[in-house]
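Input: a single structure, listed below in structure tokens.
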Amino acid sequence: MSFGLASLREWLGGARGERPAAAPTGRWIVVDTETSGLDPERDRLLAIGGVAVDDDGIALDDSFEIVLKSEPTADAANVAVHGIGYAAQAAGVPVPDALGAFRGWAAGAPRVGFHADFDRAVLRRAFAGAGLGADDAPWLDLAPLASALVPNAYRYGERSLDDWLAAFGIECTIRHNAAADALATAELLLRLRAMAAMQGTQGFDALRATARQQKWLGPTR
């Protein structure tokens, strides 16, 4: 027996109620990356997308999207996934300039991602390779946070971003596009942040602690 999407939707419907006043959060940024493969220690960073979230919700006028210049060596199957063709890769922004622009936009804000360890590792390696120093901003991973906030979802294995978006009724117009994925992930963040507040957990550090504890526990059978 699995805890399927219908069960997730049923639980989420039952969890709705009067929302407590949220504590001030300040500016967080939701980040997504596209790469030439699935190995963060080997494959190249191709694009970065991001959008800011504050106390009022998603700040669409505070967003970021860039394609990095690289030798177009990604295989055709990978290009079909992320949609960044060879011409777009060759015409991208030089890596040091692109990363500098991202750092300037991020401005040290706490970062949020889904399977954030991948994005964090990719960015850390890219910054190091470009000689730009460490990229040490704190990250919140929504994958374990979602599993911690929805009972039993983790028991049957980790859910994908697509699963969680479907469970919360969030549409993503273009999957595996850095900017679109960041926007959809920001929508998921808002739902999870509200759910956590209903359970008495508020603030970046508290959410991060909840996610890290769930990640440490891991999936059970």
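Numbers for residues simply follow the sequence, beginning at 1.
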Exercise for the section: Find out whether Leu46 and Ser70 are in side-chain contact, i.e. whether some heavy atom of one side chain is under 4.5 Å from a heavy atom of the other. Expected result: yes
Problem - Within one Ile-Leu-Val-Met-Phe-Trp-Tyr cluster: Leu140 and Val122, side-chain cutoff 4.5 Å - result: no
Fill in the blank from the handout: When every non-hydrogen atom of Ala109 is compared with those of Ile29, the smallest separation belongs to CB-CG2, 4.1 Å
Exercise for the section: Compare every heavy atom of Gln214 with every heavy atom of Pro144, then report the nearest pair and how far apart it is. Expected result: O-CG, 3.3 Å
Completion exercise
Sequence neighbours excluded, the answer for side chain to side chain donor-acceptor pair (under 3.5 Å) partners of Arg27 is Asp62
Problem - side chain to side chain contact (heavy atoms under 4.5 Å, CB included) evaluation trace for Leu183 with Asp32 - result: CA-CA 9 Å; Leu183 181 58; Asp32 185 80; over 6 Å; no
Practice task
Give the minimum heavy-atom separation between Leu165 and Cys172, together with the two atoms involved.
Solution key: CD1-CB, 4.1 Å
Handout entry: More than 12 heavy atoms of other groups within 6.0 Å of Arg208 CZ
Key = yes
Handout entry: Cluster overlap Leu68 with Leu38, hydrophobic side-chain contacts below 4.5 Å
Key = no
Practice task
For Trp164 and Val150, work out which heavy atoms get closest and say how close.
Solution key: CZ3-CG2, 3.7 Å
Fill in the blank from the handout: side-chain contact (heavy atoms from CB on, under 4.5 Å) filter on Leu132, not counting sequence neighbours, yields Leu99, Arg103, Phe127, Ala130
Problem - Stepwise side chain to side chain contact (heavy atoms under 4.5 Å, CB included) test for Leu207 and Trp28 - result: CA-CA 13 Å; Leu207 293 178; Trp28 304 355; 3.8 Å; yes
Practice task
Taking the side chain as every heavy atom from C-beta outward, state whether Val112 and Val53 have any atom pair closer than 4.5 Å.
Solution key: no
Fill in the blank from the handout: Closest non-hydrogen atoms of Ala59 and Val51, given as atom of the first, atom of the second and distance, are O-CG2, 3.7 Å
Exercise for the section: Can you run down the ring pair (Phe, Tyr, Trp, His ring centres under 6.0 Å) pairs that involve residues 45-70, sequence neighbours left out, and say none if there aren't any? Expected result: Phe64-Phe102, Phe64-Trp105
Practice task
Please test Glu65 against Ile48 for side chain to side chain contact (heavy atoms under 4.5 Å, CB included), starting from the C-alpha separation and ending with a verdict.
Solution key: CA-CA 6 Å; Glu65 182 178 14; Ile48 308 170; over 6 Å; no
Fill in the blank from the handout: Those residues at least two apart in sequence (or on a different chain) that pass side chain to side chain donor-acceptor pair (under 3.5 Å) with Asp119 are Thr33
Handout entry: Exam field: side chain Ser36 to backbone Arg44, donor-acceptor pair closer than 3.5 Å
Key = yes
Handout entry: Side-chain heavy-atom pair Thr185, Leu161 within 4.5 angstrom cut-off
Key = yes
Problem - Any donor-acceptor pair under 3.5 Å from Asp163 side chain to Arg159 backbone - result: no
Exercise for the section: Answer whether the closest heavy-atom distance between the side chains of Leu192 and Leu142 falls below 4.5 Å. Expected result: yes
Problem - Side-chain donor/acceptor of Lys69 to backbone N/O of Ala91, under 3.5 Å - result: no
Practice task
Mind jotting down which residue pairs meet the salt bridge (Lys or Arg N to Asp or Glu O under 4.0 Å) criterion with at least one end in residues 124-140? Sequence neighbours excluded, please.
Solution key: Arg111-Asp135
Problem - Exam field: side chain Thr210 to backbone Ala206, donor-acceptor pair closer than 3.5 Å - result: yes
Handout entry: Cluster link Phe204 to Trp139, ILVMFWY, side chain under 4.5 Å
Key = no
Problem - Over 12 non-hydrogen atoms of neighbours within 6.0 angstrom of CD in Glu171 - result: no
Handout entry: Interatomic distance, Arg212 atom CZ to Leu145 atom CG [nearest 0.5 angstrom]
Key = 13.5 Å
Handout entry: Heavy-atom donor-acceptor pair, Asp141 side chain to Phe114 backbone, under 3.5 Å
Key = no
Handout entry: Contact list for residues 178-202, test salt bridge (Lys or Arg N to Asp or Glu O under 4.0 Å), sequence neighbours left out
Key = Arg175-Asp181
